[in-house]
J.: 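Encoded as structure tokens, here's the structure I'll be asking about.
By convention in this document, chain letters (A, B, ...) are assigned in the order of the sequence lines, proteins followed by strands, and residues within each chain are numbered from 1.
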Amino acid sequence: MMEKVNYAEIVHRCFRCGYCKFPSDYSEINCPSYAKYRFETYFSGGRMWLIRAWMNNEIEWSEHLGEIMYSCSTCRNCVEHCVFKFNEQLVDVFIAARSDMVERGQVPKKVGEFFSNLAKFGNPWGYAARRLEWVGRDYANNEFLLHAGCVATYDDRAKRSLKALLELLDAVGVDYGVFSDEICEGNEAMVMGEFGLFEQLMEQNRRRFEERGVKKVLTPDPHAFNAFKNYYGMDAVHHTQLLWNLVNNGELKVRRVKEKLTYHDPCFLGRWNGVYKEPRKLLSRIGSLYEMPRNRKDSFCCGGGSGNFYTDYLGGKDSPARIRVKEAAETAEILVTSCPVCLMMLDNAVSDEGLELEVRDISEVVLEALKS
Amino acid sequence: MRCQKFRGVVEMYEELKAIVGEENVSKEPEELYIYSSDPGTMPPVKPDYVVMPKTTEEVQKIVLLANKHKVPVVPMGGALSLSGLVRPLRGGIVVDMKRMDRIIEVNERARYAVVEAGVSEGRLKAYLDKKYPSLRISTPDAPPIATVTANALIHGSGRLSQIYGFHSEMVTGMEVVLPTGEVCRVGSCSVSPYWFSRSPLPDLAGLFIGWFGRTGIVTKLGIKLFPKHRYRDVMIFVTENPSYVSDVIWKVAHTEMAEDITVWAQPKPEWAEGFQHTTIYVTADSEEELEFKEKIIRNALMDYIKQKEGGFLYLTPAMKAMFLQEPMSQLVRFADVRKGGGFEYVGAILPVDLFDVAYQRGLEIVERLGVDWAFSIRIIGRSHCMMFAYAYPFNRADEEDVERARKALHETNKAVLEMGGIPWKAEAPAQQLILESMDEGAKRLIKSVIEMLDPNGVMNPGNWEVK
């Protein structure tokens with residue numbers, strides 16, 4: 001598990017210079033919460049100064065302070081573009097400060113609901129517990145445990161992408177199984193600072209993995225991928241990696257699709273885990289890939305991370321997702337992503353904006369290429 | 001009644017909401033805390049409200065409301081002057097201009113751009129790089145969120161200042177909301193659809209440049225653009241005697257081959273201690289032209305090289321890349337020298353021939369006060385003057401350290417005035433030092449202009465206060 005940063009030693013070192021607001025070329029605001037709110041409180045520099053003020057009792061905790069803290073989607077744009085040597089610790093500072101707020105019982109209402117549902121029902125929405133019975137492939141010493149993650153399990157749009165992935169895996173004969181009573185891996189609890197809940201979920205999952213002999217996890221959810229790889233210390237594979245291997249090895253025969261494609265990097269796959277090449281190689285093999293101006297380390301977050309897909313602090317007319325789909329619509333006909341959270345956020349944004357753009361998970365595009 | 005010290009009235013919040021929308025106004029403690037200070041040493045002063053207008057009309061309504069309630073209004077760009085210029089010294093409304101971020105026009109042939117007041121240096125640079133690759137702005141070495149408008153209005157300087165002067169001299173026109181709420185245009189745009197020049201009209205732009213928002217809120221700005229050449233290179237000439245530097249600058253400027261000339265001196269890293277580094281930027285449209293220009297510059301300094309009094313530093317590709325970066329992000333890292341997130345500098349505007357005196361006075365101050373330091377100098381015009389930055393880092397978490405830096409800044413401000421220079425973007429206390437040295441007639445004129453333009457005293461009171 002991630003070590004909790006001693007943020008008291010770091011927060012005063014932030015100069016509030018604002019490099020962290022931008023991508024590499026300074027062309028747009030690239031911090032999703034600052035892009036939406038535009039108050040100086042809502043970027044990493046503002047948060048660093050506010051945490052220090054809260055720590056020094058210069059300001060008291062409030063619902064508004066909580067919303068400022070939790071509107072950070074932990075996308076790590078600031079980590080990439082901060083010019084100081086403590087840049088790697090920026091998001092860890094926010095997570096650690098949230099954790100102290102959680103310990104004091106100081107969390108905004110929606111965040112409290114998120115934690116409460118996760119603790120009681122194993123998912124943020126408080127839906128019934130059994131999740132993946134419909135797959136009909138219970139794990140039994142398979143090569144992979146397929147972990148869907150909360151959003152692909154419960155959100156209708158993301159669920160369709162999960163079905164596409166399963167169809168692909170079946171078509172190639174990948175040896176996988178699921179836990180029909182899958183439990184949340186806890187990535188969001190972790191980055192939202194609920195360390196106790198995260199440890200409890202990790203402990204439950206680990207025990208089940210051990211009991212049922214799980215060695216390798218396959219997931220379409222970069223948030224889950226992050227937790228399994230970096231906090232559980234497991235052999236974790238993201239579906240973009242597996243699909244690229246299958247296509248590259250010739251096990252998955254695909255034809256080319258005719259529409260222009262563009263790819264949105266999920267933060268927990270890209271900036272958190274450095275997976276940039278595989279999805280691009282895959283999409284370039286099956287179609288014409290056009291890059292949006294902001295891509296890879298400069299990608300603009302959909303605004304769903306760190307529980308924001310539930311709390312919706314980054315929703316509304318100036319939401320990062322709505323900004324992002326407009327950028328995509330100027331670039332291509334299909335916006336491809338590889339994260340159920342991004343898929344849900346971007347798909348909703350396209351509806352809100354009334355755009356012609358299609359939003360698809362990479363597995364849906366590969367499936368179409370397989371069938372065409 | 002002129003505005004003295006204001007403390008909020010509840011009904012203004014509703015009125016501000018009606019103007020800019022609920023999501024763009026705040027009276028929450030978190031926003032009031034952040035907008036009470038900038039990254040420098042000046043103590044915080046809390047506003048009563050923070051608003052973020054999107055249009056000139058909204059700015060106008062805010063100013064009219066401020067007049068109605070006799071409440072101060074303080075415009076804010078990137079808040080990176082470091083000298084606390086956007087602190088609301090008498091409370092009131094801080095107007096964060098950064099939502100006004102449209103690049104309205106680029107006239108490629110007349111080489112100017114018209115931008116709203118919140119457009120950042122970084123954004124305009126990126127826009128030109130993409131859409132008009134043969135044009136550029138004079139980039140300051142401030143972080144890229146600094147706004148084009150505020151930087152020009154405080155007499156900023158940048159990468160083309162050695163050729164074309166202060167950024168304020170590059171302003172071609174502006175749209176201003178006056179302290180009474182009227183909107184007016186100055187420069188050619190007051191007569192013509194084109195924003196090409198401040199001449200040949202009465203130069204009303206002077207009523208708003210260098211006033212720190214004391215005379216109105218500039219909402220749109222015309223700014224000159226310049227040719228961007230294909231090749232850029234950097235040369236660093238090193239001397240170990242500060243008395244040579246003004247001559248080195250004079251000789252390099254005389255060649256008219258350099259685009260930008262800066263000088264830096266600092267005690268860390270160890271290899272840099274005791275040396276003055278004159279950094280010379282050269283641009284060209286061909287390799288031959290670049291080679292030719294660099295040869296001319298080398299020849300101009302040959303006497304120093306022959307007498308072993310100076311020489312060109314070998315630059316690795318990584319070093320070159322760092323110096324050629326615009327803006328140079330490395331400069332901000334100075335804030336972490338004391339692991340404390342702070343630095344501030346006195347940007348002394350001085351004649352170049354005072355370099356040695358300025359250098360020695362700086363050393364005397366830092367040695368006496370025991371503060372860390374770096375000197376960074378940019379030549380303005382063909383050595384017409386220089387911006388000599390005496391920069392002092394401090395640890396924000398150590399109040400004694402902050403106080404030490406504050407004292408060094410204050411003493412430096414005084415020394416600069418004694419030397420015959422003028423502190424740039426002076427903090428409120430330094431403004432008073434400047435006014436103490438100022439010609440009485442000029443002071444009376446400043447007072448009259450403020451009283452004429454701002455009868456209710458609502459525009460950023462506390463700055464340029466003639467007592």
J.: Which atom pair, heavy atoms only, marks the closest approach of B:Tyr33 to A:Leu50?
T.: CD2-CD2, 4.0 Å

J.: Can you tell me how far apart CG (B:Asn24) and CZ (A:Phe39) are? Round to the nearest 0.5 Å.
T.: 6.0 Å

J.: Out of A:Glu28, A:Arg52, A:Glu58, A:Lys21, which one racks up the most heavy-atom pairs below 4.5 Å with chain B?
T.: A:Arg52

J.: Considering only heavy atoms, which portion of A:Lys36 lies under 4.5 Å from any heavy atom of chain B: side chain, backbone, both, or neither?
T.: neither

J.: Do you know the tightest heavy-atom contact between B:Met52 and A:Tyr37?
T.: CE-O, 3.1 Å

J.: Roughly how far, to the nearest 0.5 Å, is the CD1 atom of B:Ile34 from the CH2 atom of A:Trp49?
T.: 7.0 Å

J.: Write out, in numerical order, the residues from residues 389-404 of chain B with a heavy atom short of 4.5 Å from a heavy atom in chain A.
T.: B:Asn395, B:Arg396, B:Ala397

J.: Could you look at A:Phe43 and say if it's the side chain, the backbone, both or neither that has a heavy atom under 4.5 Å from chain B?
T.: neither

J.: When only pairs under 4.5 Å are counted, which of A:Gly45, A:Gly316, A:Cys14, A:Cys17 shares the most heavy-atom pairs with chain B?
T.: A:Cys17

J.: Considering all heavy atoms of both residues, which atom of B:Pro29 and which atom of A:Ile59 are nearest to each other, and what is their separation?
T.: O-CG2, 4.4 Å

J.: Can you tell me how far CG of A:Asp318 sits from CD of B:Glu23, rounded to the nearest 0.5 angstrom?
T.: 7.0 Å

J.: Heavy atoms only, distances under 4.5 angstrom: which of B:Ala142, B:Pro39, B:Ala79, B:Ser26 has the most pairs with chain A? Name it, please.
T.: B:Pro39

J.: Over all heavy atoms of both residues, which pair between B:Gly341 and A:Phe15 is shortest? Give the atoms and the distance, please.
T.: O-CD1, 3.2 Å

J.: Taking 4.5 Å as the heavy-atom cut-off, does anything in residues 123-132 of chain B contact chain A, and if so which residues?
T.: B:Arg123, B:Ala126, B:Lys130

J.: So which heavy atom on B:Ser329 is nearest to which on A:Tyr19, and how close?
T.: CA-OH, 3.3 Å

J.: State the CG-CD distance between B:Asp38 and A:Glu40, to the nearest 0.5 angstrom.
T.: 11.0 Å

J.: Is it the case that B:Glu30 and A:Ser62 place a side-chain donor and acceptor less than 3.5 Å from each other?
T.: yes

J.: Between B:Lys339 and A:Glu9, does any side-chain N to carboxylate O distance fall below 4.0 Å?
T.: no

J.: For A:Arg16 and B:Ser37, work out which heavy atoms get closest and say how close.
T.: NH2-O, 3.0 Å

J.: Going by an N to O cut-off under 4.0 Å, is there a salt bridge joining A:Arg38 and B:Asp101?
T.: yes

